Amino acid sequence: QVQLVESGGGLVQAGGSLRLSCAASVSIASLNVMGWYRQAPGKQRELVATFTRGGDTNYADPVKGRFTISRDNAKNTAYLQMNSLKPEDTAIYYCKARLWFTDYWGRGTQVTVSS
């Protein structure tokens, strides 16, 4: 079992920055995929950014150039640095990990961007 705990969400003005953290209960170096998804009210959950065990990263088009995913293996923690935030980024952000054939999800952290 893999437990994921997100933190760092909050309220920020448009154009501001926020950094989310995802602490895992296992070595993140052993995970096949780890990253972030988000879900806004009335919308489907969508991919934000991920990285693989090999270090490849993948970003959704709406966040390219503004968000950066990173990790600290020693702390078993993944991060999402969010810059130039827009009201459209308002959503619950979820951490996700994949180990072999199983996906694990955190409970989410709310990010609200005001105009």
Side-chain angles (χ1 to χ4, degrees):
Q1 185 178 6
V2 178
Q3 296 182 50
L4 305 170
V5 181
E6 304 97 332
S7 62
L11 175 64
V12 64
Q13 286 191 350
S17 298
L18 213 57
R19 189 174 79 158
L20 306 183
S21 298
C22 176
S25 62
V26 300
S27 172
I28 63 172
S30 68
L31 299 170
N32 300 103
V33 182
M34 192 170 188
W36 297 89
Y37 289 71
R38 68 185 182 185
Q39 187 166 21
K43 296 184 178 180
Q44 294 183 314
R45 189 171 298 185
E46 63 180 6
L47 179 147
V48 177
T50 63
F51 63 80
T52 68
R53 190 168 61 185
D56 295 327
T57 58
N58 182 41
Y59 294 92
D61 287 340
V63 308
K64 287 181 178 178
R66 299 189 297 120
F67 292 10
T68 303
I69 189 170
S70 62
R71 63 186 183 275
D72 187 332
N73 290 344
K75 296 181 178 179
N76 292 330
T77 301
Y79 303 95
L80 183 69
Q81 179 66 45
M82 304 184 294
N83 298 326
S84 301
L85 283 163
K86 304 175 181 179
E88 305 91 85
D89 296 318
T90 295
I92 300 175
Y93 284 71
Y94 298 90
C95 183
K96 177 192 174 181
R98 176 171 292 172
L99 181 60
W100 286 96
F101 306 110
T102 305
D103 288 340
Y104 300 89
W105 293 87
R107 294 192 174 188
T109 184
Q110 177 70 46
V111 172
T112 302
V113 184
S114 65
S115 60

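This is a predicted model, so every value here is computed, not measured.
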Checklist outcome for this item: Residues pairing under disulfide bond (SG atoms under 2.5 Å apart) where one sits in residues 79-115, two or more places apart or in two chains, turn out to be C22-C95

Item to check | Any pair counted as ring pair (Phe, Tyr, Trp, His ring centres under 6.0 Å), so long as it reaches residues 66-115, sequence neighbours left out | outcome: Y37-W105

Next on the checklist: Assigning hydrophobic clusters by single linkage (Ile, Leu, Val, Met, Phe, Trp, Tyr; side-chain heavy-atom cutoff under 4.5 Å), is V2 placed with L20?
Outcome noted: yes

Checklist entry - What distance do T50 atom OG1 and N32 atom CG have between them, rounded to the nearest 0.5 Å? => result 12.0 Å

Next on the checklist: Membership question, hydrophobic clusters at under 4.5 Å side-chain separation (ILVMFWY): are L47 and I92 in the same one?
Outcome noted: yes

Checklist entry - Tell me the disulfide bond (SG atoms under 2.5 Å apart) pairs involving residues 28-69, sequence neighbours left out? => result none

Item to check | Within residues 77-87 or reaching into it, pairs that qualify as salt bridge (Lys or Arg N to Asp or Glu O under 4.0 Å) - sequence neighbours excluded | outcome: none

Next on the checklist: Applying salt bridge (charged side-chain N to carboxylate O under 4.0 Å, His left out), can you list everything that pairs with D61, at least two apart in sequence or on another chain?
Outcome noted: K64

Item to check | Separation of M82 CE from T68 OG1 (nearest 0.5 Å) | outcome: 11.0 Å

Next on the checklist: List the residues meeting side chain to side chain contact (heavy atoms under 4.5 Å, CB included) with T57, not counting sequence neighbours, and say none if there are none.
Outcome noted: F51, Y59, I69

Next on the checklist: Checking A23 now: which residues fulfil side chain to side chain contact (heavy atoms under 4.5 Å, CB included) with it, not counting sequence neighbours?
Outcome noted: T77

Return all side-chain donor-acceptor pairs below 3.5 angstrom for residues 106-115, not counting sequence neighbours, or 'none' if the list is empty.
residue	atom	partner	partner atom	Å
T109	OG1	G9	N	3.3
Q110	NE2	A91	O	3.4
Q110	NE2	T112	OG1	3.3

Checklist outcome for this item: Contacts of D103 meeting salt bridge (charged side-chain N to carboxylate O under 4.0 Å, His left out) (sequence neighbours excluded), chain-then-number -> K96, R98

Item to check | Gap between atom CG of L99 and atom CD1 of I28 - 0.5 Å precision | outcome: 13.0 Å

Next on the checklist: Show every side-chain hydrogen bond (donor to acceptor under 3.5 Å, both in side chains) that has at least one partner inside residues 1-28, sequence neighbours left out.
Outcome noted: S17-N83

Checklist entry - If you look only at pairs with a residue in residues 31-54, which of them pass as a salt bridge (Lys or Arg N to Asp or Glu O under 4.0 Å), with sequence neighbours excluded? => result R38-E46, R38-D89

Checklist outcome for this item: On a heavy-atom basis, the closest approach of G10 and L18 is N-CD2, 3.9 Å

Item to check | Cluster link L80 to V12, ILVMFWY, side chain under 4.5 Å | outcome: yes

